[in-house]
Structure formats: structure tokens, C-alpha cells
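Heads up: the structure comes next, in C-alpha cells.
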Number of protein chains: 2
Amino acid sequence: MSYKDSIIGTAMALFAENGFKDTSTADIAKSIGSAESTLFHHFKNKEELLLKILERVQRDIVREVESHLHDAEPENGLAMISGIVGLFFHLSEAKRVEFLLLFRNYPYQLANVNPTCRKIIESIYDFFLGIIAEALIKGQQDGSIREVNVQKQAMVILAMITGLTRFDIFGIMTLAGYHQEIIDSCQRMLCREYICED
Amino acid sequence: MSYKDSIIGTAMALFAENGFKDTSTADIAKSIGSAESTLFHHFKNKEELLLKILERVQRDIVREVESHLHDAEPENGLAMISGIVGLFFHLSEAKRVEFLLLFRNYPYQLANVNPTCRKIIESIYDFFLGIIAEALIKGQQDGSIREVNVQKQAMVILAMITGLTRFDIFGIMTLAGYHQEIIDSCQRMLCREYICED
DNA sequence: TAATAAACCGAGTGAGTACTCGGTCAGTCA
DNA sequence: TGACTGACCGAGTACTCACTCGGTTTATTA
């Protein structure tokens, strides 16, 4: 059990860093310090290993987000959104390996032919869309957020933060010191009215 | 020249659809209808072929965008931003293959070790950042856009539209009918003040 | 037309690749 | 103690990959 977990952890790091195709089973075995054939004693093939990894990623991310959201006591829906956006950026550092894996192409390619994989990935995106939508609805009820199409707006927000995170993770640009600017932009996008101070 | 171009076109489609690693030189040759060894007569290896493809993608995208922007006569900076966002979504369909290729991991992996590749990719992103920043500055001058940090805000906008396009292209979600919502969100993010109509 | 060069091909080649198989060894329980 | 089970290994194996090489066809130009 524990050994199996260590395979999952090691393989996840390698898949995230180098990609699925560019990580050979020999690489994984070497990194663990075991024989290549031992991998196939625990997982029937490389693809099953990836699926177990994705399952763990999904569980870890959901658990982490829920524990953070549970602690927070936001005053209204708009503040909830700010909290979620901030949490997402926090996660992209704290769970960097998991995020990097989710920005790889292979999981989505596999999702096209493997329903199990598809479900895992969908559940991750649906989870984030769900908490954003919840905050939007709450904000509309308490008046902190204007009337918007909740589904569409949730997607726009998720796309924005994943897009920014992708830039950061792939080294296209750096997000250092940009978090407040981004949260500000979100608030302006959503708030009922906004008057410029200057 | 022309034959070389047809190799580039065919290989681009395959790399975009299946990824660099998952497209063998045999696949490319078969798709063109020539011998595998002929590829290596025109390109010294598979990597050089990818670089030539990326160069063409960069040229094509810049040319296409510039021709569109040249035609448009926006009334102010904010309208320019809306035009750029709309154009980006138009491109993600008109240049679907090129966009798909730019959402693959391999070009960015290669960029880490190959300066030529890095330059091409950077120039694409810098190009988009440049036209967005230009619109922001114009908007601040004509009063249609509030005072913002131009660099940061340009990145936020580019991240949002690439993030949305990525969702659409990878089949995570569909953008059908969302364009106006997104352009609206951008305008609210940028405009000097906004009063909700309801 | 003859000479030169470029385009193109078929048949390799060696270096990986995921995965298999037969067997060893340690721990568990009757 | 002895039979059984599961973790683990080394040595394969069949296959795919990018790339090479010797030679032939085609185009160009003197």
C-alpha cells in the first residue's frame, strides 16, 4: 500500500515535469530505486498508473480546497469570489506538481478515449465551477454581485485564473505581485456598480 | 519550396492534432504520400521541422491580426479592446490548427532548451500583449478606460481569452454563445465607471 | 546532348519502448 | 516445520522510433 503510494507520488512528479510520453517506465523505476518489472506488479500498465495518479490529484485538490473554504467566513458573495481566486493562486504553488500535471496534454487526450479518465477530469473542473457558481449566487442574493448568467460567468472566471496560472507554470510570464490586480479585476467585473476614485 | 511548404502544412496538422511525440515521421510521410527519408532531405531532423512550422504559425497569425486591425476603425480604446477580444475568438476558429499547436506542451518544453524556439513563442505572446497594451493606453488617453497598470492588465486580458480558448479547443467546455458575455466582462473590468441598468 | 545537381526512394540500423516471464526470497499461518 | 502467498527482480522480447545510406530518377544548365 505505502510502496504503491510512493510509486504514485514519484511517477506523478515525473509525468508533471517531463510529460507522460517522455517519461519511460525505466525512468520511474530508477527514480524509485526498484526494478522496472515491479511497477507492473502493482499496475497493469502505464495508463492505469496515470489514472491512479489523476484520482489522487482529484482527491487531494478537493480536500485541500474544502478545508480552506471551511475555515473562511466571507462577508458576502463577492468576498467569496475573491477568496476563491486567491486560494487558486495559493494552490498553484502549494500543489504545483498536481497543477502542472493538469496542464499537460496527455490527460485530455486520454479523456477522449477513456471514460474513467474523462470523469476524473470533468469532476475537477466541475468542482471549481461549482464553488464559483455558489459564490456568484450568494452574491446575487446579498446584493454584492450584479445580475449575471451564473454558468457563463463562472466559466469566464475559471478560464481567467487557469489561463493566468498556465502562463506562470509554463514560464511564459510571471504572476509575481499580480494577485491583487487580478482580484481587483474580478471584483470590477462582478460588482453592482463601480465609481473610479480619481 | 512548394513541396517543402506542403510538408510543413501536413506536419503542422498532425502535430496539432496528435502532439509532437505522438506523430512519427512515418505518419507524416504517409500523410504526404512520400518516402520517410525524403523528409530528412528537406529538414535535418524532426525538431527543425517543428521550428519551421512554428515560424510559419507566427508569421501567419501576425499577418492575419494586422490585416484585421488595419481595417477596423474603433471609436476609442475600450472599443479597440472589444475588437481584439472578438478577433481572438475569430482566430481560434479560423486558425484552429495553429492555435491547437500553440496549446501543446512540446513547443514550450523545447523553448526551455532551444533559444530559437523560445524567441518565436515569445514573439507571439509579445505581439498580442503589445496590441492589447496599445489599446489600453489609447483608452486611458481618450478617457474610455480607467487608470490601470497597462502591462499587468494586458496580461490579465490575454490570460482570460487564452484560457477560454483552451477550454474550447480541448473540449473541456464550449464557448458557443459566450462571446458577448466575455466582451461585456472585459468592458466592465476596464471602464471608468459602470452603473447597473436594473 | 552531356554533365551536374537536386529530389526522391527502399531497405536498413541501433537505440529506445512497454511489457512478460521464470524464478528468488521473506513473511504468514496450519 | 513446511506449504503457500505476494513482493520483487534480471533477463529477456517484440516493437516502434528517428535517422542513414547507397542508389535511381528527374530537372537544370552548358
Side-chain angles (χ1 to χ4, degrees), chain A residues 1-56 101 104-114 116-117, chain B residues 1-56 101 104-114 116-117:
Chain A
M1 288 304 152
S2 169
Y3 189 44
K4 206 170 169 177
D5 277 353
S6 91
I7 296 176
I8 290 179
T10 306
M12 175 169 67
L14 290 171
F15 287 161
E17 194 62 37
N18 309 315
F20 183 77
K21 285 275 165 182
D22 281 335
T23 304
S24 68
T25 47
D27 290 337
I28 300 168
K30 207 172 103 185
S31 186
I32 298 168
S34 73
E36 203 178 339
S37 51
T38 304
L39 295 182
F40 294 95
H41 179 72
H42 293 283
F43 306 93
K44 79 167 193 277
N45 52 35
K46 204 181 161 188
E47 190 175 303
E48 190 191 270
L49 171 56
L50 177 62
L51 286 179
K52 297 297 176 195
I53 291 171
L54 287 173
E55 277 172 17
R56 198 171 101 174
L101 186 68
R104 292 273 158 201
N105 296 140
Y106 196 81
Y108 303 91
Q109 213 162 310
L110 184 58
N112 284 330
V113 293
N114 184 315
T116 309
C117 181
Chain B
M1 287 302 154
S2 170
Y3 189 44
K4 207 169 170 177
D5 277 353
S6 90
I7 296 177
I8 290 179
T10 306
M12 174 169 67
L14 290 172
F15 287 160
E17 193 62 37
N18 309 315
F20 183 77
K21 285 275 164 182
D22 281 334
T23 304
S24 69
T25 48
D27 289 336
I28 300 168
K30 207 172 102 185
S31 186
I32 298 167
S34 74
E36 202 180 340
S37 51
T38 304
L39 295 182
F40 294 95
H41 179 73
H42 293 283
F43 305 93
K44 81 167 192 277
N45 53 33
K46 204 181 161 189
E47 189 175 304
E48 189 190 272
L49 172 56
L50 178 61
L51 286 179
K52 296 297 177 195
I53 292 172
L54 287 174
E55 275 172 17
R56 199 170 100 175
L101 186 69
R104 293 272 157 201
N105 295 141
Y106 196 82
Y108 303 91
Q109 213 162 311
L110 184 58
N112 284 330
V113 294
N114 184 316
T116 309
C117 181

Rounded distance (Å) that lies between atom [atom2] of [N] and atom [atom1] of [X]:
X       : N      : atom1 : atom2 : value
A:Ile7  : D:dA7  : CD1   : P     : 11 Å
B:Phe40 : C:dG12 : CZ    : C1'   : 14 Å
B:Lys46 : C:dG16 : NZ    : C1'   : 14 Å
B:Lys4  : C:dA7  : NZ    : P     : 9 Å
A:Lys21 : C:dG16 : NZ    : P     : 18 Å
A:His42 : C:dC19 : NE2   : C1'   : 16 Å
A:Phe43 : C:dA18 : CZ    : C1'   : 16 Å
B:Glu48 : D:dA18 : CD    : P     : 15 Å

Among the nucleotides [options], which one has an atom lying closest to any side-chain atom of [X]?
X       : options               : value
B:Ala35 : D:dT20, C:dC9, C:dA18 : C:dC9
A:Ser34 : D:dC9, C:dC19, C:dC8  : D:dC9
A:Asn45 : D:dC9, D:dT20, C:dC19 : C:dC19

Distance below 4.0 Å between [X] side-chain N/O and [N] OP1 or OP2:
X       : N      : value
A:Thr25 : C:dA18 : yes
B:His41 : C:dC8  : no
A:Thr38 : D:dC9  : yes

- Message: What I want to check is whether the side chains of B:Asp22 and A:Gln109 have a donor and an acceptor closer together than 3.5 Å.
- Response: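 Yes, side-chain donor-acceptor contact under 3.5 Å.
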- Distance-only polar pair, side chains of B:Tyr3 and B:Ser34, donor-acceptor under 3.5 Å: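 The answer is yes; a qualifying pair exists.
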- Query: Crowded around A:Glu17 CD? As in, over 12 foreign heavy atoms under 6.0 Å?
  - Reply: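 Not more than 12 within 6.0 Å, no.
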- Query: Are any of the side-chain heavy atoms of A:Phe20 and A:Leu110 separated by less than 4.5 Å?
  - Reply: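 When only atoms from C-beta onward are counted, A:Leu110 and A:Phe20 do not touch, as no gap falls below 4.5 Å.
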- Task: Identify whether NZ of Lys or CZ of Arg in A:Lys4 sits under 6.0 Å from the centre of the six-membered ring of A:Phe43 and within 45° of that ring's axis.
- Result: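 Yes, cation above the ring, under 6.0 Å and within 45°.
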- Tell me what A:Ser24 touches on the nucleic acid: a base, only sugar-phosphate, or nothing, going by heavy atoms under 4.0 Å. sugar-phosphate
